[in-house]
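Here the structure comes first, spelled out in structure tokens, and everything after it is commentary.
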Amino acid sequence: MKRDTKCSDLGEANIGQEVCVAGWVNVRRDLGGLIFVELRDSSGKLQLVADPNINKEAHQIFSNLRSEFVIIAKGKLTKRPEGTQKADQSSGTVELYPSEVILLNTAAPLAFQLDQAASVDEGLRLKYRFLDLRRPEMQHNLRTRHNVTNAIRMYLDKAGFIEVETPILTKATPEGARDFLVPSRLNPGAWYALPQSPQLFKQTLMMSGIERYYQIARCFRDEDLRADRQPEFTQVDMEMSFIDESDIFAVTEGLLKDAFAAAGFEVQIPFQRMTYEEAMSKYGADKPDLRFGMEIKDLSSAAKTCGFKVFKDVVESGGVLKAICLEGQAGKKSRKDFDAYQDFAKEFGAKGLAFLEFNEGGVRSSGIDKHLSPEDIEKMKELAGAKQGDFILMIASPDKVAANVMGRLRLKIAEELGIIDENKHVLLWVVDFPLFDYDEEEKRMVAVHHPFTSPRLDDLDKLKTDPLAARARAYDVVYNGVEIGGGSIRIHDRGVQERVFESIGLDLANAQEKFGFLLKALESGAPPHGGLALGLDRIIMLLTGSKSIRDVIAFPKTQSGGCPMTEAPSAVPAEQLKELHLTVKEKEKVRS
RNA sequence: GGGAUCGUAGCUCAGUUGGUUAGAGCGCCUGCCUGUCACGUAGGAGGUCGCGGGUUCGAGUCCCGUCGGUCCCGCCA
């Protein structure tokens, strides 16, 4: 017997046909006489019925079936009797009385019930991932992932890109995330690193004349995990020669339109564009969620002349007073709500938070109104864009902290108030990122994007004079407040590359050692080029409405970087370590 | 590295100010049941209360430590 049809392919059109289906017993309903078995395969479900008066043998087999047993059955497809049809399933109007059934395999009682997985501890789901992935939700996620990836491949192929694989065993890089290291058996004491991204290889490919490269590339970063971050993840990595930003935007927009369409979402192109500066000042984030308003307002000019010393001092010492306006929320926020906002703000470095509320009876505040004149309050109200009945939250602090805190409060409160339109799909480009940021810990300049990003030509002279003001030819794609990709036009001039290395404290000798091949390639006829990488896992997470990236990865890691199913990472035999010229400090050993 | 939170039956959870024999629903096992689809119904089995230590006449409950899960901060060019 061999399966010839999938469950959900069967409908009323197939009534009377001899079909053979196979799959797992989703559920068995034994009525004593009749036994119903819901058969599930990768496509869906089909109801099988055994009647002892029709087929005693089939009935006998059915009576011994349990959840997740594997069977194959054939027979003539019949229409369900009137009144027993299920309109909400594709094969809900038909059923199969098998003429023949074979039990292909049994299953031990399950670690968890598949239909309850949504509330089951995730560690257990991961330990028994083979069960978890049988669930229709997970099957749907993996299928969506395939469909989207497939659409991306077709799109890029049509656009003249070729997929090139790059090494997984490569060289550690000084900048960026922590590397995963792999010891070299043949070279004692030397290490490979797993790639954080194929960045240097794809640039090298441009210098090799590939012109349009892409790769669905696995990337590795040994950093702490989050709901949307795994130590190994997948990027749609692209690079093009002889192009500028507009080409990359056009290709990416077309790609994302197709990718979203593959998951059933329609998006408008071209995407909106916004400078980094505007994003930070209006939304307090480099990945603004534009599905709602509640923009951040600058009240510094009012603070400068106001009677409240705290505000005044902060602004006079170079800080800012920022506010968000909660429309119509006057009188609706309790002291407790405000305290929660304040605690939240403090987590992100705020010294304090203030509110002003414009009620019909007058102004209520977090105790600041006694320091403010009616004119001060009126000015703040106006600058905040508030009207009668509104509630504003304010923070006075250095610009960076104020933007970050307000940006996060904006999101938190919007979620609370339910003003985010879940049906909106807003994609935008954030452009003109700064080239450098100052790293307080390392006491040096670091690249915001990566050190191969081209400065804007008009900012080249700022590299030395005012590096923090230099802007990069870098861009991010943002979808509903989530960064789903980013890239840049790269440096293709050796001289410029050396100057940027110098700015981040990488002297020529060091640069030679780490990136000698790149410098050599740059002076060997490097075309202008640039590219972009999209976070595939994150995109699929958003398109499937998943809460975690783990729900769109077949075999993800837990927050401590482990795989509960295989129990990786684990100790290895001493012999294996010896071959690799390694020893592990006794007290740091894991139990093996 | 830090903060929060969770850990009791196979699963999801309840368990009062510390008090006798730790409960429920689902699942599992057995019986009955011919149109179910969360089938119904009667009965039954199933517990190292994550682990270690402490306080106490007595600890699932309180304290300390530890392990593991999740979320977040830092980190993630």
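Chain letters run A, B, ... following the sequence lines, proteins first, then strands; residues in each count from 1.
Side-chain proximity of A:Ala227 to the nucleotides B:C73, B:U34, B:C72 is greatest for B:C72. With distances taken from any side-chain atom of A:Glu223 to the nucleotides B:G35, B:C75, B:C39, the minimum falls on B:C75. Listed candidates were B:U36, B:U70, B:U34. Nearest to the side chain of A:Pro52 is B:U34. Each of B:C37, B:G68, B:G74 was ranked by its minimum atom distance to the side chain of A:Asp224; first place goes to B:G74. Here the nucleotide nearest the side chain of A:Glu347, chosen from B:C72, B:C76, B:U70, is B:C72.
At B:C76, none of the side-chain N or O atoms of A:Arg538 fall inside 4.0 Å of OP1 or OP2 (strictly under the cut-off). In this model, the phosphate group of B:C11 is not approached by any side-chain N or O of A:Ser119 to a distance below 4.0 Å at OP1 or OP2. OP1 or OP2 of B:C39 sits under 4.0 Å from a side-chain N or O of A:Arg29. Proximity of A:Arg80 to the phosphate of B:C37: no side-chain N or O atom is located under 4.0 Å from OP1 or OP2. In this model, the phosphate group of B:C75 is not approached by any side-chain N or O of A:Arg229 to a distance below 4.0 Å at OP1 or OP2. At B:G69, one or more side-chain N or O atoms of A:Thr558 fall inside 4.0 Å of OP1 or OP2 (strictly under the cut-off).
For A:Asp132 and A:Arg550, the salt-bridge test fails: no basic side-chain N is under 4.0 Å from an acidic carboxylate O. Salt-bridge check for A:Arg538 with A:Glu483: failed, with every basic side-chain N at 4.0 Å or more from each acidic carboxylate O.
Residues A:Lys351 and A:Ser397 bring no donor and acceptor atom of their side chains to less than 3.5 Å of each other.
Judged by Watson-Crick or G-U wobble contacts below 3.5 Å, the nucleotide B:G68 has B:C6 as its partner. Of the nucleotides present, B:G31 is the one that pairs with B:U41 by Watson-Crick or G-U wobble criteria, both distances under 3.5 Å. Pair check for B:A24 finds B:U12; Watson-Crick or G-U wobble, both atom distances under 3.5 Å.
B:A4 and B:A22 have their C1' atoms separated by 29 Å, with the value rounded to a whole Å. The separation of B:U55 from B:U12, taken at their C1' atoms, amounts to 33 Å, rounded to a whole angstrom. Taking atom P in both B:U30 and B:U21, the straight-line distance is 33 Å, to the nearest Å. Distance noted for atom C1' between B:C62 and B:U17: 12 Å (whole Å). Nucleotides B:C32 and B:G19 have their P atoms positioned 44 Å apart, rounded to a whole Å. A distance of about 23 Å separates the P atoms of B:G52 and B:C57, rounded to the whole Å. If you take atom P in B:U20 and the same atom in B:C28, they sit 33 Å apart, rounded to whole Å. A distance of about 24 Å separates the C1' atoms of B:G69 and B:G25, rounded to the whole Å.
Put simply, the side chain of A:Lys127 does not reach to within 4.5 Å of the side chain of A:Glu567, judged on heavy atoms. Two residues are said to be in side-chain contact when any heavy atoms from C-beta on lie closer than 4.5 Å; A:Val496 and A:Pro455 meet this criterion.
Of the residues near RNA chain B, A:Lys547 and A:Ser197, the one whose nearest nucleotide (by heavy atom distance) lies more toward the 5' end is A:Lys547. Remark on RNA chain B: of its neighbouring residues A:Gly176 and A:Gly561, the 5'-side contact belongs to A:Gly561, judged by nearest-heavy-atom nucleotide.
Partner A:Tyr276 forms a ring pair (Phe, Tyr, Trp, His ring centres under 6.0 Å) with one of A:Tyr283, A:Phe433, A:Trp429, A:Tyr475 and no other, that one being A:Phe433. Here the options are A:Leu536, A:Asp551, A:Asp228, A:Ile484, the test is side-chain contact (heavy atoms from CB on, under 4.5 Å), and the partner is A:Met541; only A:Asp228 passes.
Remark: C1' of B:G69 and CZ of A:Arg226 are 16 Å apart, rounded to the nearest angstrom. Straight-line distance from the CG atom of A:Asp343 to the C1' atom of B:G3: 13 Å, rounded to whole Å. Rounded to a whole Å, the CG atom of A:Leu34 is 13 Å from the P atom of B:C37. Here the C1' atom of nucleotide B:U12 and the CG atom of A:Leu110 are 15 Å apart, to the nearest Å. In this structure, CG of A:Leu124 is placed 12 Å from P of B:A9, rounded to the nearest angstrom. Atom pair A:Asp286:CG and B:C76:C1' shows a separation of 13 Å (rounding to whole Å applied). Atom P of nucleotide B:C75 and atom CZ of A:Phe220 are separated by 24 Å, given to the nearest angstrom. In this structure, the CG atom of A:Asn26 is 15 Å from the P atom of B:C37, given to the nearest Å.
In this model, no side-chain donor or acceptor of A:Gln116 finds a partner on the base of B:G10 within 3.5 Å. Between the side chain of A:Gln47 and the base of B:U36 there is at least one donor-acceptor pair of N/O atoms closer than 3.5 Å. Not a single donor-acceptor pair, N or O on each side, falls under 3.5 Å between the base of B:G7 and the side chain of A:Asp121.
Between A:Phe130 and A:Tyr128, the angle of the ring planes goes over 60°, which puts this pair in the perpendicular group of the 30/60° scheme.
Stacking is found between A:Phe36 and the pyrimidine-like six-membered ring of the B:U36 base under the 5.5 Å centre-distance and 30° plane-angle cut-offs.
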